[in-house]
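Have a look at the structure below, then the notes.
Lettering of chains follows the sequences in order, A, B, ..., and the numbering in each one begins at 1. Since the model is a prediction, treat every value here as computed from it, not as a measurement.
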Amino acid sequence: MSFDWMRIPWSLVTLFIVFNYGLLLNALIAKIAARVGRRHGIPLWQNYVDLIKNYGQRTTISHGVHFYLGPVFRLTGGIGLLLFVPTLYGSAYFANLSFAGDLILALYFVFFGTLGMALGAGESGHPYAALGVSRGLSQVTAAELPFALAVFAVALQYQTLSVTEIVAAQQGGIHHWTLFTNPLAVAAAMLSFLGSMMRPPFDLVLAPQEIPIGPPTEYHSSYLALLQTNRAIFPIAKVVIYMNLFFGGATNWPVFFLKVFLITMVSVVVGVVSPRFRVEQSIRWFLIWAVPIGILAILWV
Amino acid sequence: MPNLTQIALATGFGLILIGFYGALTRRSLLRIILAFTLASTGVNVVIVAIGYMRGRTAPILDEAVTTTTAVGRIIDPLPQALVLTAIVIGLGVTALMLAHAYRLFLRHGTLDIAAFRELKW
Amino acid sequence: MPNPILLIAVALGTAFLLGLLEERRRRLAWAISLAALAFLSWVPATWLLALATGQAAPVEILTAGAPPPFAINLRLGLAEAALTLLVNLTGLLTTLYLKDRLLDLGRRAMAVLLVAVMALDGLILTRDLFNLFVFVELTAIATAGLLLLSDDARALAAGFKYLMVAQFISVLLLIGILFAYHAGGTLNLDGLAGAPSVLGAGQGWILEAGGGFAFLLMFVALVAELKPFPANGWALDIYESAHPAFAALFAAASGTAALFAVDKLLTIGGSEWLGAATAIGLATFLIAHLCALPQDNDRRLLGYSSVAQTGLVLVGIGQRDLLGDRYFFVAFGLLAAHAVAKAGLYWLSGLMAERGLSAWAALRGQPWLILAFASFLALLTGLPPFPGFYAKWELIHHLAGADRLAPLGLILLGTLIEAGYLFRWFGYVIKRPPPASAPLPCPIHQALPILVALVGAWGLGWLWGELSGQTQLLLTWPLAFALLFLLLEWLPSWVKNTLAIAGLLAFFAATYDYYDPLRLIFALIFLVGGAIILLAGYATSGQRTGFYPSALLMYAGLAILVLAEDSFQFFAAWELLTIGSYFLILRGQAAEPHALSYLLFSLGGAFLLLTGFALAAQGAPQLALADLGGVPASLSGWVFVLLAIGFMTKTAALGLHVWLPGAHAEAETDVSPMVSGILLKAGLFGLFLLLMHLGRQQLYGIELTHVILWIGALTALFGNLLAAFQEDAKRLLAWSSIGQMGYALFGLALMNHLGWLMALMFVINHYIYKSMLFLSLGGVAKRTGTRDMYRMGGLITLMPLSFIAVLIGIIAISGVPPLSGFGGRWIFYNAILDTEARLPLVILFFAGPIAFLYLFRLIHTVFLGQLKDEHRRVREAPFWILLPQMLFVALLIAFALVPGVALRQVDGYIARFFPDGGLTWDGLSIVSHYGYWNPVSIMLIIGVIFMVVFAWLLFVNRRAQKVKQFNIAFAAERPYRPETTHFAWNFFAPYRKALGFLTLPLATRFWDTLADLLHAAGDLGRRLYTGNGQTYAFHFLAFASGLILWGLGVRP
Amino acid sequence: MKAELEKRLVTGPDGVEFEVDPLRDYYCDALPEVQRPAYLRIVEDLFNWARAESIWILGFGTGCGAIEMRPLMTPRFDAYRYGIQWRPTPRQANLFVISGYLSVKTLKRVIRSYEQMQNPKYVVGLGSCTLNGGMYFDSYNTIKRLDQYLPVDLYITGCMPRPEALLAGFLELKKLIRAGKAEGANQYAANFAWYKANQKQVIHDWDMPDYNW
C-alpha cells in the first residue's frame, strides 16, 4: 500500500511539539487559575519536574496485568487521537496519520483510552476507582450527545466526514468558520466541550475531597507519569478536533498555539468560577440545555 | 269446526309444551322424567296426526283392503311405522333415565336435581 | 371388496353373540369384541384405499332391496370411509384400553360399546333422515350407558344431564323430520336436497309450508349435538367425569359422527345456513378456549379444548361453499387432527393418578410419552408438520381470498389462546416437580393406543403433506435430519453433538450455491454459526435427552427459512424454528414462564405473518416470495404492517420485547447464544425480504419505514438504558441484544445502501460478540454458581480466558476503533448522512454512549474488583465452552481487519436495490461518498503505539511488586470484607436518579393486564356452567329459541 | 484478632471446602528491600533535583500541627510556588508530615499509610511532641520519640511552627533531598526488624501484615 514512511518522523515531531506545549499550557492555565484565587501559582516548568520525579520513583506496586496496562491504554488513546487528526491544515508534514480514518475514527477513538483506563482502575480493586468510573461514564453519555449532534450537523453542512475537507471548507477568512456559518452547532459543541475537559462544573469524576482522585487512586510513580504525559497530549488532541471542526483549523504553528489556548480558556474561564455538579445534575443540565441546541443545529442545516 | 288433524296436532304440541314446562320447572328427577315421557307422547301424537287423511282407513291390508285398492283407501303408512320406532326409543331412554335416577338416589339420598352439582365450571 | 353393510351387521351381530357366552367367559368375550372391531376397522380401510386410488366408486347400499324413497339407503363414499375408519379405529383402541374395566363389568358393557360403534357408523353412512334420528338416539343411549364405565361417582349426574338434553334434542329432531317429510314428500336426504332422485322433488321443498321451519328444527337439534356454546355444559361434565378411554371415544368418534351429520344436513339446507354454522362454530371455538384458560383439571381442560376444536371444524363446514374442492382436505384435516390428538391426550390422562395439570409431570419418567404429549399438543394447535397446519393454511388463505377477515382473525386469536394454555401445561409437565405417587404405570394395553395415536399423528402429518400440494415438510432434508435425532436419543451426547455439527456443515456445503450474497450471510450465521455454538455442547456429559431434537428442529427451521422460495415454506420454517427454540429455552432451570411468553409472542407474530401472506396471496394457495412486491396498492400497506409486526416480534422491538430478557437469561449456558446470537437474525432476515420486495409503503398517509425508524431508535435507547440497570449478568446481555436489534432495525429502515450494509454488519457483529459473551458468562455462572454480578468479582486471575473473551466482546460492542464494532458505527454515520429523517438520530446518538455503561458494568463487576471468599478456588470455564469463545475472538479480529471478505459481495448485491451511495473497496481502505476508513492501518497504528508505550512502561517500571486485593489505600485503616469493598450493586445509582423515569415497565404492565383480562373473561365465562342439569336444559332451550328466531328472520 | 480477619472454612460453589486466611490471602506479605539509587551519578542528581522541586505532601494531619499546614495552600503562603502540593492518596505522596503528638492508635494508621508510600519518601516531624514527647512526655498513649518508629528526615521545632516556619523547613528539606541525604525509605528497609519491633512493642492489637504494601 502506498505509505510514505516520512510521515512517521514528522508525526513524532508533532507529538513532541504538542507534548511540550501541553505541559506548558497546563502550567499556564494552573497559574491563571491560581491568580484568579490571588495565589502566585505553580512555576511554568512545574509539570516537567513532576514528570521527572514520577518517572524517577524507585518502587511501584501492581494489582494485576490489566492494572499495569491501564495507563498504557490511556496514553495510546491520547497519542492515537492526536495522530489520527491532521494538526496543521495544508502542510504535508503535519497531516500526521490522518490517512487511516476520518472524523468518525477520531470521535470513537476518544473512548479507547477511557475504556482501557477504566478497566485498569477497576482491577485495582479500589471501590473509589469504580465509583469514579461509574460517575465518569454516566456523565459522558450526556456530555457526548451535543457534541455528536454538532459533529453530525457539521458533516451535513459540509457533506463530508474527512477532517481535512472540513478545514479546507473553512479557509479564506474568519467569516468562513463554522462558528459563523453554523453557530448553533458550535454552541452545542462548546457546551459539550465543558463537560469533557474535567473542569469544575463537571469534574465530579476526579473530585479530590470526595473519592481521592477517582479512577487513578491506585496509580503512582511511573503509571502516574504516563497519565500525566497523557494529560498533556489528550486535551490538546481533543481541542485540535474542535479547532478543525469549528474554528477553521490552523495552517501554521503560532496560529495553532493561539487557537488551542483560546479554546481551552473557554473551559477554564467557566471552570474557575463555578461549583461542582452532581452526576444527575450534570446529566439534566446537558439534556435540558445542550441537547436542544444540538437538535436545532441538525434541523437548521 | 276444526277438523281432526288440527285437534290432534294441537293436543300433540300442547303435550310437548306441558312436558317442556314440567321438565324445566320441577326439581324432582322423577317429575322431570315424567315430563319428558309426556313430551315424547305428544311427539307421537303429532307424528300420527301428520299422516292422517280424511275419510281413509288404517293401512292394514286384509281382505277388506286389498293390495290393489289400498292406494286410494288407506292413510299415509310411513308415519305409522315411524311412530312405532319412536315409541320404542322413547321407552329405552326413559328406562335409562329411571335407572340413573335410582342410582343417584342411592348415592345422594335425594332426588332434587339441584343437589348433583359437583361437576361445574 | 367387503359389503359396507357388514359395518352395521357385524357390530350388531357380535353384540348379540356376546349374549350367548356364559357370564364367566369374559376374556373370550373381550377377544371376540376386539376381533369384531378389528374387522370393522379393516372394512373401511380397504374401501378407503380403493376409493382414494380410484379403483372403486362410491357405493349405495339399498336395504330391503328397494330404491331410496321406499327404503333406507346407506352410502359409502370417500368421506364416509375415512370417517368410519376413524370411528372404528378409535372404538378398537378404546376397547383395548378398557381391558381391565371391561373384564370387571362383563360382556354387557362390551355389547353396549359395540352398539355405540355401530350407531356412530350408522350415523355416518345413512342417507335417510329418520334413520339418522334412530342412530342419534342409539348414540345417546349408548353414551349414557358407557358413562357408567367410569369409576368417578359424578358420572351418574353427568349421564342424567346428558339424557335430559338428549330428550330435548330428540323431540326437536323428530318433529323437524316429520314436518320435513310432510313438506318434502320424502325422508331421503338426496331426495330433499333436490338431487335428481327418483321422485324428482325440486329444491323448492324448503319453500313449502313448514319446510323451512322443519329444517330449522333439525338444524338446531343436530348442531346441539356438536356441543355449541352456551348449550355445552353437559358435554364438559361428561368429559370431566367419564372414563378417559370413553372420553376419547366420545371426543373423537361421536364428535366426528355428529359433525358429518350436520354436514349432510347442510347439503339440503341451502347456503344461508352456512353463515349460521360458521357463527356458532366461531363463538364456541373462542369462548371454549377462553374458558379453558383458568382450568386446572386436566380432563375438563381437554373437554373445553375438544368443544372448541369441534367448533373449529364446524367453522370449516360453514365455509364449505368457499373451500370448494379443498373442503374435504381442510375439514377432515382439522377433524383428524382433533380426533387423534384428543384421543391420545385422554388415553394419556388415563395413566395419571391425580387430575391436577402439574401431576402430569410424572410423564417425565417415560421420554416417549413426552414426545407423544408434545406431538398431540402440536397437532391441536396446528403446528407443522401436522395436518392441522396444512388445513389451517388452506382455510386462512381461502378466507383471506374471500375477504372474510373477521372469522380469519378470530380463528387465529382462538388458536393463540389455545397454544397459550396448552403449552403452559407442557411447561408444567417439563418443569414442575412430579407428584409423590408411584412412577407412571404404563401397561401394554394402555401404551399401545397411545403409540398408535402417535404413529397416526405423524402418519397423518405425512399424508397431509402429500395431499396439500405444497412442499412435503417431512421429506425436506433439515426436518428429516432433526427428526432422526428423536430416534438417536439413546446415544451419548458427544456422539450426537458431532453428528449435529457434521449435519449442519454438510447441509451448508450442499446448498452453498443456492444462496445469493445476502442469504449467504444469513445461512453462514444460521448453519456454520450454529455449528460453532454447538461445540459448547461437548461440555455436557450424559445423554442430554431432548436437547438435540429441539436444537436441530430450530436449525431445520432456520435452514428452510433461508432457502424458502414461497410463503408456505417461509411460514412453515418460521413455525418450526419457533417450536424448536421454545423447547430449547424451556430446558433452562427457571425458564418455564419466560419460555411460554416467548412462544406466545412468537406464535402471535407468526399468525400475523400468516394473515399478511394470506392477504398478499389473495386466494392463491401460496405466494412466491419474489412477487411479494406485486401486491396491489390497496393491500400492500396492510400486508407491510402485518409482516413487519410479525418480524418485529422476533427481533423484540420496543413493546414486543417483554419476552426476551427472561427467555435469553434463563436459557441454558449454550442455549442462550443460540437463541440470542442466531434466532434474532431470523426476524431481521424477514425484514430484509419485506423491505427488499415491498420497499417504502404508505398507510393512511404515514410512511411506514419512517415508523420503523422511530421504533428502531427507541428500542436501541430503551434496550441499552435498561441493560445498564440490570443486576443479573445474562439479563444485562439480553437487554443489550434488544438495544443492538434496535440499531439493526434503524439501519434497515433507513432504506439506503449503507443503511442496509450497516444492518448486515450488525447482524454479523452481533452474532459473533453476543454468542461469545453469553458463552463466557455462562461459563462464569457455571463455575461461580450465580448469575448476579454483585456476587462475583475479581475473577480475572482465575478465569483469564473468559476475561479476554469478554474484553474483546465489549470493545467490539462499544464500537471502539480497532475492532469491527467501529466498522458498524462508521457505516452508520455514512448512512445517516443520506437520509432526511433527522429526529430519530438524536435518540440513537444518545443510545450509543449508554452502551458503555452496561459494558463496563459487566466486565468490572464480574472480572475486576474484589474476589469473594467462596470463589477463591474457582477453575477456568470448561474447555469446550472456551473453544468457541476463542474462535469468536479470532473471527472478530479477522472481521475487523478485513471486513471486505464478508461485505464486498453483499455490497454489490444491495447495489441492485439502492444503486447510489455504495462503498468502493480499493486495496485495504474503504471509501464512501463522505469519508474513508482503513481498518488495517488503524489496527497497525494502534498496535505500534501500544507496543511502544508498553515497552516504555516496562523499561521505566521493571520491578513492580505484585500485591493482593486488600493492599489498597483505605482511609478506614483497612477494607472490612471483600463483599463490602466490591462496588457493584446499583452501579449507576446517579444515572437512575437522572433518567430512572424512562425505565418504568410500561410494556410489561400492558401485556400482564391483557393476560389477566383474558383470564378474568375465562373465569367469568365458565361460571355459566353451574352444574345444575335444569340450567343446562334451559341453556339449550335459550340456544334453540335464539337460533329459531334468527332462522325465521333469515327465511325469505 | 478481629472477626473478619480470623481463618475460616468456606465452601466453594462446586462444594469443595477450603480454608481462607485473610492475613495471608488478602495482603501481600513481602518485605521491603533497599532501593539503590540510579546507576549514573548525574541521573540521580537530576532525579533528586526533581524530587526536591516537586514535593507532594500526604493529606494526613495528626495532632495540632495539621491546622498550620492548611494555610500553606492559601494565597498568603502559597506552597505551590515551591512545587509542593497535597496528594490525597499515600501512593502518590512523597512527604509524610507528622504534625504534632502521635497517639499509639494514630501511629498504627500512620505506619500503614507510610508503608503504602513509594520509595523515596520523607518524614517531617513538627513540634516538640515528635522530638521527645513534648508536653505529653508522661502520657500513657502517645509515643515519645518519633524516630524510633519511623525514619525522620527533618524536625521543625515550635509548639506548632507557623506556616512561615513550615516553608523554611520545607526549603531545608529541599536541600537535604538535593544532597541525596534523605534516604529514610532505605533506612527503614535496612533496619526494618528494629523499627517493626519498636512498633509492635507499643501497638498491642497488631492485626496487619508486617509491611503494608
Could you tell me which of C/Leu995, C/Ile850, C/Thr861, C/Ile832 has the largest number of non-hydrogen atom pairs under 4.5 Å with chain A?
C/Ile832
Note: vs chain A, highest number of non-hydrogen pairs under 4.5 angstrom among C/Gly793, C/Ala724, C/Pro817 is C/Pro817
Chain C contact via A/Leu115 - side chain, backbone, both or neither, heavy atoms under 4.5 Å:
side chain
Go through the atoms of A/Leu145 and report whether side chain, backbone, both or neither lie under 4.5 Å from a heavy atom of chain C.
side chain
Report the C-alpha separation of C/Ile968 and A/His63 in whole Å, then their side-chain angles, then the decisive distance to 0.1 Å, and conclude whether the side-chain contact (heavy atoms from CB on, under 4.5 Å) test is met.
CA-CA 9 Å; C/Ile968 49 178; A/His63 285 279; 3.7 Å; yes
Quick check on A/Arg58 against chain C: is it the side chain, the backbone, both or neither that has a heavy atom closer than 4.5 Å?
backbone
Heavy-atom pair with the smallest gap, counting every atom of C/Tyr930 and A/Thr160
O-OG1, 3.2 Å
Residues from residues 795-808 of chain C approaching chain A under 4.5 Å (heavy atoms)
C/Ile796, C/Phe803, C/Leu807
Please enumerate all residues that pass side-chain contact (heavy atoms from CB on, under 4.5 Å) together with A/Tyr55, with sequence neighbours excluded.
A/Leu51, A/Ala225, A/Leu226, A/Thr229, C/Trp952, C/Val956
Please identify, among A/Gln139, A/Arg284, A/Gln159, A/Glu144, the residue contributing the most non-hydrogen atom pairs under 4.5 Å to chain C.
A/Gln159
Looking only at heavy atoms and a cut-off of under 4.5 Å, which of C/Phe845, C/Phe863, C/Trp933 has the most pairs with chain A?
C/Phe845
Whether A/Tyr128 and C/Phe970 hold their rings parallel, tilted or perpendicular, with breakpoints at 30° and 60°
parallel
Under 4.5 Å from a heavy atom of chain C, the part of A/Leu119 involved
both
